[in-house]
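Everything numeric here is computed off the predicted structure, so don't read it as measured data.
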Amino acid sequence: MPYSTITTLNDSQRIIETRPPTARLGSSACLKHNSDSCPLGEGGMLKKRFGQHFLSDPRILQRIVKFAKLSPNDTVLEIGPGAGSLTRELAATVSRVIAVEIDRDLIPQLRQDLPANVEIVEGDALQLDFVALAGNRFHVVANLPYNVATPLFKRFIEFRKSIADVTVMIQNEVAERIVAKPGADAYGPLSVLIQYYAQPAFGFVVPPGAFRPKPKVDSAVIRLEWRPGVADARDFTDFVHNAFGSRRKKLVNNLLHMYPRIPRSQLLSDIARAGVAENARPENLSVTDFERLYNQICRH
Ligand code: SAM
């Protein structure tokens, strides 16, 4: 197996990160904050480091909940209730909501204001055990803190056996990458890896004016339904990242860079056996093509 030669990526980024660290997910979404925190009014302070952009438009909140296709007996895990606007809509729709909020300053008000079927958990959603909190079957619905959306997706994938589906607001640009099809500009490792685990559906775009404070970019709601029976595939993750190593290069050249010990002729034969064109570029391959090619190269 040639995988020992693959460079290990930063663990929190490896599943879906496709940008250099300076252009990370969410880095431009909070520019309305001048310093670490800014006044919210009504006595509150918004914290830039927690990616706080709060929604209040009831039509958008209801649209998110409708898009989540929830039923009255459902349990929902919400990441980051903030001031509780989405939480309230969820609580009116399902029997149980567990809302994890990292900002301790928001906790007392949330506990005071929200109905009895909401449990407010103070903590970091990147650390907590979702199953211990919400049980073996729950839905995730959230307006995600964009600055930690990438590692949160990784956690949703890890807990996917217990998560029925995921409906989240994220940056529109990231949503477009998640749902992109082969050949599209937005198609990259993020598209392949999310689509390997899940079938994503694009819901709708939400403009900056819907949030307080306004982010600089559009947001969008997406929904993930897991593909059944997909095994964890850490090596596949590395493989896809490396196959996209240089988008302008042909696939075979990226593979040669990845596996310098495998002769070019062998890689070309693997590409052909996987049913992929010899001169294909990484963005031309479907998720299934990547799976076939990975399985082909795995044999060495
Ligand atoms: N749900 C609210 C809404 O739609 O108005 C707030 C959404 S705001 C974009 C993201 C929320 O996630 C903030 O309340 C923030 O404090 C919280 N948050 C940020 N990082 C978190 C983490 N690691 N774990 C839990 N909550 C987090």
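Remark: the backbone N or O of Q199 is not paired with any side-chain donor or acceptor of W226 at under 3.5 angstrom. With hydrogens and angles ignored, the 3.5 Å screen pairs a side-chain donor or acceptor of N242 with a backbone N or O of D238. Under a 3.5 Å cut-off, the side chain of S85 and the backbone N or O of L55 do form a donor-acceptor pair. A donor-acceptor distance shorter than 3.5 angstrom exists from the side chain of R227 to the backbone of Y196, with no hydrogens or angles considered. No side-chain donor-acceptor contact under 3.5 Å links R104 to the backbone of E122. No side-chain donor-acceptor contact under 3.5 Å links D57 to the backbone of A210. At distances below 3.5 Å, at least one donor-acceptor pair connects side-chain atoms of Q195 with backbone N or O atoms of I178. Of the possible donor and acceptor atoms, one in the side chain of N295 sits under 3.5 Å from a partner among the backbone N and O of E291. Listed for the E101 side chain is a donor-acceptor partner under 3.5 Å among the backbone atoms of D103. Between the side chain of N117 and the backbone N or O of V97 there is no donor-acceptor pair closer than 3.5 Å.
Side-chain contact check for L267 versus I297: some heavy-atom pair is nearer than 4.5 Å. Side-chain contact between F202 and V221 is absent, with no heavy-atom pair separated by less than 4.5 Å. Two residues are said to be in side-chain contact when any heavy atoms from C-beta on lie closer than 4.5 Å; L126 and P151 meet this criterion. At least one side-chain heavy atom of D105 sits less than 4.5 Å from a side-chain heavy atom of K47. The side-chain heavy atoms of D218 and V206, taken from C-beta on, include no pair separated by under 4.5 Å. S71 has its side chain out of reach of T93: every pair of non-hydrogen atoms, C-beta onward, lies at least 4.5 Å apart. For the pair L255 and L251, the minimum side-chain heavy-atom distance is below 4.5 Å. The side-chain heavy atoms of D74 and F138, taken from C-beta on, include no pair separated by under 4.5 Å.
A donor atom on one side chain and an acceptor atom on the other are found under 3.5 Å apart for D270 and H300.
The structure places CG of N253 at 11.0 Å from NE2 of H257, a figure rounded to the nearest 0.5 Å. Considering OG of S219 and CG of L144, their distance stands at 10.5 Å, rounded to 0.5 Å. Atom CG in N172 sits 10.5 Å away from atom CD1 in I222 (nearest 0.5 Å). Once rounded to the nearest 0.5 Å, the distance linking CG of L152 with CD1 of I170 reads 11.0 Å. Taking CG from L128 and CD1 from I98, the interatomic distance works out to 12.0 Å, rounded to the nearest 0.5 Å. Here the OH-CD1 distance, from Y197 to I157, works out to 6.0 Å after rounding to the nearest 0.5 Å.
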Open item on the list: Run V100 and E78 through side chain to side chain contact (heavy atoms under 4.5 Å, CB included) and show every step you take.
Closed with: CA-CA 6 Å; V100 178; E78 185 193 5; over 6 Å; no
TODO: Begin with the C-alpha distance, continue with both residues' side-chain angles, and end with the deciding distance and a verdict on side chain to side chain donor-acceptor pair (under 3.5 Å) for N254 and R281.
DONE: CA-CA 9 Å; N254 284 336; R281 292 180 195 280; over 6 Å; no
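Using the six-membered ring where Trp is involved, H53 and Y146 have ring planes that are parallel, under 30° apart on the 30 and 60° scheme. Using cut-offs of 30° and 60° for the angle between ring planes, the F153 and F156 rings count as perpendicular.
Counting non-hydrogen atoms of neighbouring residues, nucleotides and ligands closer than 6.0 angstrom, the CD atom of E278 reaches no more than 12 such neighbours. Summarising the local packing, CZ of R137 is surrounded by more than 12 heavy atoms from other residues, nucleotides or ligands at distances under 6.0 Å.
In summary, D185 and R177 do not engage in a salt bridge, as defined by a charged side-chain N under 4.0 Å from a carboxylate O.
Within the cation-pi definition used here (under 6.0 Å to the ring centroid, within 45° of the axis), R155 qualifies as a partner of F130. For the pair R63 and F204, the distance from NZ or CZ to the six-membered ring centre is under 6.0 Å and the angle to the ring normal is within 45 degrees.
Applying the ring pair (Phe, Tyr, Trp, His ring centres under 6.0 Å) test to every pair with at least one member in residues 84-112, sequence neighbours left out, gives no pairs at all.
Between F244 and F239, the distance separating the two ring centers is not shorter than 6.0 angstrom.
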